[in-house]
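In the text below, chain A, chain B and the rest are named by the order of the sequence lines, each starting its count at 1. Since the model is a prediction, treat every value here as computed from it, not as a measurement. Computed from heavy atoms alone, side chains included, the values below leave out hydrogens, waters and symmetry copies.
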There are 2 protein chains.
Amino acid sequence: MARVAGNRTTIYDVAREAGVATSTVSRALANPGRVNAHTRQHIIEVAERLGYHTNPIARALPSGRTQTVALFVSDITNPHFFGIIRGAEQQTRAAGRTLILGDTEESPDLESGNIERLTGSVDGFVIAASRMSDEEIRELADRHRLTLISRQIDGVPSVIVDHEDGTRQIIEHLASLGHTSVAYLAGPRRSWIAAKRWQAIRATARQFGMRAARLGPFPPAVRGGAAAADAVFGHGATAAIAHNDLLAIGMLRRFADRGVRVPKDISVVGYDDIFGADFCSPPLTTLAGQFEEAGRLAVDLLLGARRSGSARATEIVLPSHLAIRQSTGPAQR
Amino acid sequence: MARVAGNRTTIYDVAREAGVATSTVSRALANPGRVNAHTRQHIIEVAERLGYHTNPIARALPSGRTQTVALFVSDITNPHFFGIIRGAEQQTRAAGRTLILGDTEESPDLESGNIERLTGSVDGFVIAASRMSDEEIRELADRHRLTLISRQIDGVPSVIVDHEDGTRQIIEHLASLGHTSVAYLAGPRRSWIAAKRWQAIRATARQFGMRAARLGPFPPAVRGGAAAADAVFGHGATAAIAHNDLLAIGMLRRFADRGVRVPKDISVVGYDDIFGADFCSPPLTTLAGQFEEAGRLAVDLLLGARRSGSARATEIVLPSHLAIRQSTGPAQR
DNA sequence: TTGAAAGCGCTAACAA
DNA sequence: TTGTTAGCGCTTTCAA
């Protein structure tokens, strides 16, 4: 056999030095209850003296547990995910686990490919803003521990930030400012959340007697803002609801370039309250949610839950609130 | 033995089905050259048919290679690191490896603890903005594959963004605007880059006949900005160089609150050109560097290099350039 | 070019 | 409570 990293202290060294069997060492270190307190103390001392550290790979092989969690985000470039990444990293670390991070680049194939590749290396997957179809996700959830962020599917544990009530807050706010026509600048076609947002906007706008139009889709990035701004300007709505803050910020810049005054000429609202939303110009009115918390809870759910399917899966909905800033104002005309 | 995840197809299944030995299957899949082309083709077909996927853990045990790279950042909350994380993730993925992400929360102990914990689980470590001492890092580099970002130590491979020339650009820019007194709003005491920046500022300022003062340290975050802004205002310098953009943006906000006009009353410069630096108010003049590239190169170095120590370690210095925006202007008085 | 077999470091059933 | 022992799934030497 190749002796590749052969220099590390192993459980055999500790066992020999302590005068016990390897299984006893294993137990002393992992199952404190199943071994004599004295023996245990002795073993621990020896292990310390020898600089012993459990080899996580060797432990994972027989046990099948790697103490590792994978998080996939659909676009690592989007600051929106930073909160989620942060929260997931914190919680994973707090649980003594390790976080693996992957970017799936808006591609459902990369999502499933990554899962395939990491199967066996991780104890479970957290997928934020999955672009896979409901069927694909359900099927994967059958074979793997899996929790979702910003996506809900029956039978699969998930954490989302409330979009219905949040969207109601947006529309209510705009209505109170006298707006009667809003445009939704849509996000990616495969985005579940984009579909939900539009549904909620349309339904709520109707309740408030407002007209609502969907324009796009646009790339949910700052660079998508120019086209989105032009589109909404051409459409004539007095209020624009962007799919996310990135797009909203891009629109703000385009409006500034074109001499369109925000919020005098047009009001702009975003979703997510990302870093920068409070200091762009003008500061952006946006729907804020606790995304770090979402990351934390998704990891909790993953580590706590048994394989989904049997019992009804937990679906967590976090509250959202509208951060009203200077990008929204009274309707003109 | 416990048969925990016993349902997956193994190399034994493939060997049996293909009528060959497991070693042949192993070779066919990993060492294409060392096996008959026909046999190989057959084995691959069988493997595919059986839905076989190599178990990465089982492969890692005898080989000692996990195909995994760990990246530690000193504060996952700081958008500055997002570029680095992105670049590292991309390059890791491109190399068919997996990225593990860790936050060390500005703590040298958490850094070394994390390394200890992950030893055996990863093939190497990339540490961005390490807070450990030179000695600690050198010692770790002796025993592990390790590359540094934003830190240089003899004998350890590293990638940094040029700070000397960059700082020269800043000072030159301020001098050309007629400033004769600058203040550096310092970053964390343990930060190598903070020390370097101050050295470069002081040296270059002297060349340009400017006075330079160091104030702080301040938390390198937006919340540190208020104290920093007040400090520089009290000091009387006409130009402020913040340790990073986060701090600079915080200062901008404080100045706005206090009615201090930027750049009329005071010029503000940052480092890093983070997301938001171009749309804060006023847009920030800042030293831009290719941090995604730094992340990519650090991973390259890690995967390409043999254990450091013997040959002279590679030290990459990426160029930087000053993004001049509206936060700097002619000196008053 | 292929197969047999040992072993990577650990866990856990079983027996003592 | 402890030891013996058989694996976990794979790689790699060695011999054929």
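Atom CD1 of B:I43 is separated from atom P of C:dT1 by 13 Å (rounded to the nearest Å). For the pair A:N55 CG and D:dC8 P, the computed distance is 18 Å after rounding to whole Å. Computed from coordinates, the B:I57 CD1 to D:dG7 P distance equals 21 Å when rounded to whole Å. Rounded to whole Å, the distance from NE2 on B:H53 to C1' on D:dG9 is 15 Å. Following rounding to the nearest Å, A:R8 (CZ) and C:dG9 (C1') show an atom-to-atom distance of 10 Å. Atom CG of B:L61 and atom P of C:dT11 are 12 Å apart (whole Å). Rounded to whole Å, atom P of D:dT1 lies 12 Å from atom CG of A:N31. One can place CZ of A:R16 at 12 Å from P of C:dG9, the figure rounded to the nearest angstrom.
By the salt bridge (Lys or Arg N to Asp or Glu O under 4.0 Å) test, A:E139 is found to be paired with A:R143, residues two or more places apart in sequence or in another chain being considered. For B:D109, there are no salt bridge (Lys or Arg N to Asp or Glu O under 4.0 Å) partners two or more places apart in sequence or in a different chain.
For residues 94-119 of chain A, no residue pair satisfies the ring-ring contact (aromatic ring centres under 6.0 Å, His included) rule, not counting sequence neighbours. Counting only residues at least two apart or on different chains, no salt bridge (Lys or Arg N to Asp or Glu O under 4.0 Å) pair has a member in residues 22-32 of chain A. Among residue pairs with one or both ends in residues 92-115 of chain B, none qualify as ring-ring contact (aromatic ring centres under 6.0 Å, His included); sequence neighbours excluded.
Side-chain atoms of B:Y12 come within donor-acceptor range of the base of D:dC10, with a qualifying N/O pair under 3.5 Å.
Map A:A58 and B:A30 each onto its nearest nucleotide of DNA chain D; the residue landing nearer the 5' end is A:A58.
At its two ends the helix from C:dT1-D:dA16 to C:dA16-D:dT1 runs along axes set 30° apart, each axis drawn from five pairs and the angle rounded to 10°.
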Using residues 30-40 of chain B as the side-chain source, report each donor-acceptor pair under 3.5 Å to any protein atom, sequence neighbours left out, with the distance given to one decimal.
{"unit_1": "B:N36", "atom_1": "OD1", "unit_2": "B:H38", "atom_2": "N", "d": "2.6"}
{"unit_1": "B:N36", "atom_1": "OD1", "unit_2": "B:T39", "atom_2": "N", "d": "3.3"}
{"unit_1": "B:R40", "atom_1": "NE", "unit_2": "B:A28", "atom_2": "O", "d": "2.9"}

Residues 98-106 of chain A side chain polar contacts: donor-acceptor under 3.5 Å, at least two apart:
{"unit_1": "A:T98", "atom_1": "OG1", "unit_2": "B:R117", "atom_2": "NH1", "d": "2.8"}
{"unit_1": "A:D103", "atom_1": "OD1", "unit_2": "A:I76", "atom_2": "N", "d": "3.4"}
{"unit_1": "A:D103", "atom_1": "OD1", "unit_2": "A:E105", "atom_2": "N", "d": "2.9"}
{"unit_1": "A:T104", "atom_1": "OG1", "unit_2": "A:V73", "atom_2": "O", "d": "3.1"}
{"unit_1": "A:E105", "atom_1": "OE2", "unit_2": "B:R93", "atom_2": "NH2", "d": "3.4"}
{"unit_1": "A:E106", "atom_1": "OE1", "unit_2": "A:R131", "atom_2": "NE", "d": "2.6"}
{"unit_1": "A:E106", "atom_1": "OE1", "unit_2": "A:R131", "atom_2": "NH2", "d": "3.0"}
{"unit_1": "A:E106", "atom_1": "OE2", "unit_2": "A:R131", "atom_2": "NH2", "d": "3.4"}

Give every donor-acceptor pair under 3.5 Å between a side-chain atom in residues 119-128 of chain A and any protein atom, sequence neighbours left out.
{"unit_1": "A:T119", "atom_1": "OG1", "unit_2": "A:I115", "atom_2": "O", "d": "2.6"}
{"unit_1": "A:D123", "atom_1": "OD1", "unit_2": "A:T66", "atom_2": "N", "d": "2.7"}
{"unit_1": "A:D123", "atom_1": "OD1", "unit_2": "A:T66", "atom_2": "OG1", "d": "3.1"}
{"unit_1": "A:D123", "atom_1": "OD2", "unit_2": "A:R65", "atom_2": "NH2", "d": "3.4"}
{"unit_1": "A:D123", "atom_1": "OD2", "unit_2": "A:T66", "atom_2": "N", "d": "3.4"}
{"unit_1": "A:D123", "atom_1": "OD2", "unit_2": "A:Q67", "atom_2": "N", "d": "2.8"}

What side-chain donor-acceptor pairs closer than 3.5 Å can you find for residues 47-58 of chain B, not counting sequence neighbours?
{"unit_1": "B:R49", "atom_1": "NH1", "unit_2": "B:E17", "atom_2": "OE2", "d": "3.3"}
{"unit_1": "B:N55", "atom_1": "OD1", "unit_2": "B:I57", "atom_2": "N", "d": "2.8"}
{"unit_1": "B:N55", "atom_1": "OD1", "unit_2": "B:A58", "atom_2": "N", "d": "3.1"}

Pairwise N/O distances under 3.5 Å, protein to nucleotides 2-5 of chain D:
{"unit_1": "D:dT2", "atom_1": "OP1", "unit_2": "A:T39", "atom_2": "OG1", "d": "2.4"}
{"unit_1": "D:dT2", "atom_1": "OP2", "unit_2": "A:N36", "atom_2": "N", "d": "2.7"}
{"unit_1": "D:dG3", "atom_1": "OP2", "unit_2": "A:A21", "atom_2": "N", "d": "3.0"}
{"unit_1": "D:dG3", "atom_1": "OP2", "unit_2": "A:T24", "atom_2": "OG1", "d": "2.5"}
{"unit_1": "D:dG3", "atom_1": "N7", "unit_2": "A:S23", "atom_2": "OG", "d": "3.4"}
{"unit_1": "D:dG3", "atom_1": "N7", "unit_2": "A:R27", "atom_2": "NH2", "d": "2.8"}
{"unit_1": "D:dG3", "atom_1": "O6", "unit_2": "A:R27", "atom_2": "NH1", "d": "3.2"}
{"unit_1": "D:dT4", "atom_1": "O4", "unit_2": "A:S23", "atom_2": "OG", "d": "3.1"}

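At a non-hydrogen distance threshold of 4.0 Å, nothing from residues 114-122 of chain B comes into contact with DNA chain C.
Between B:A95 and B:R97, the closest heavy-atom pair is O-NH1, 3.0 Å.
Under the 4.0 Å criterion applied to side-chain N and carboxylate O atoms, A:E293 and A:R296 are assigned as salt-bridge partners.
Side-chain proximity of B:S26 to the nucleotides C:dT11, D:dG9, D:dT12 is greatest for D:dT12.
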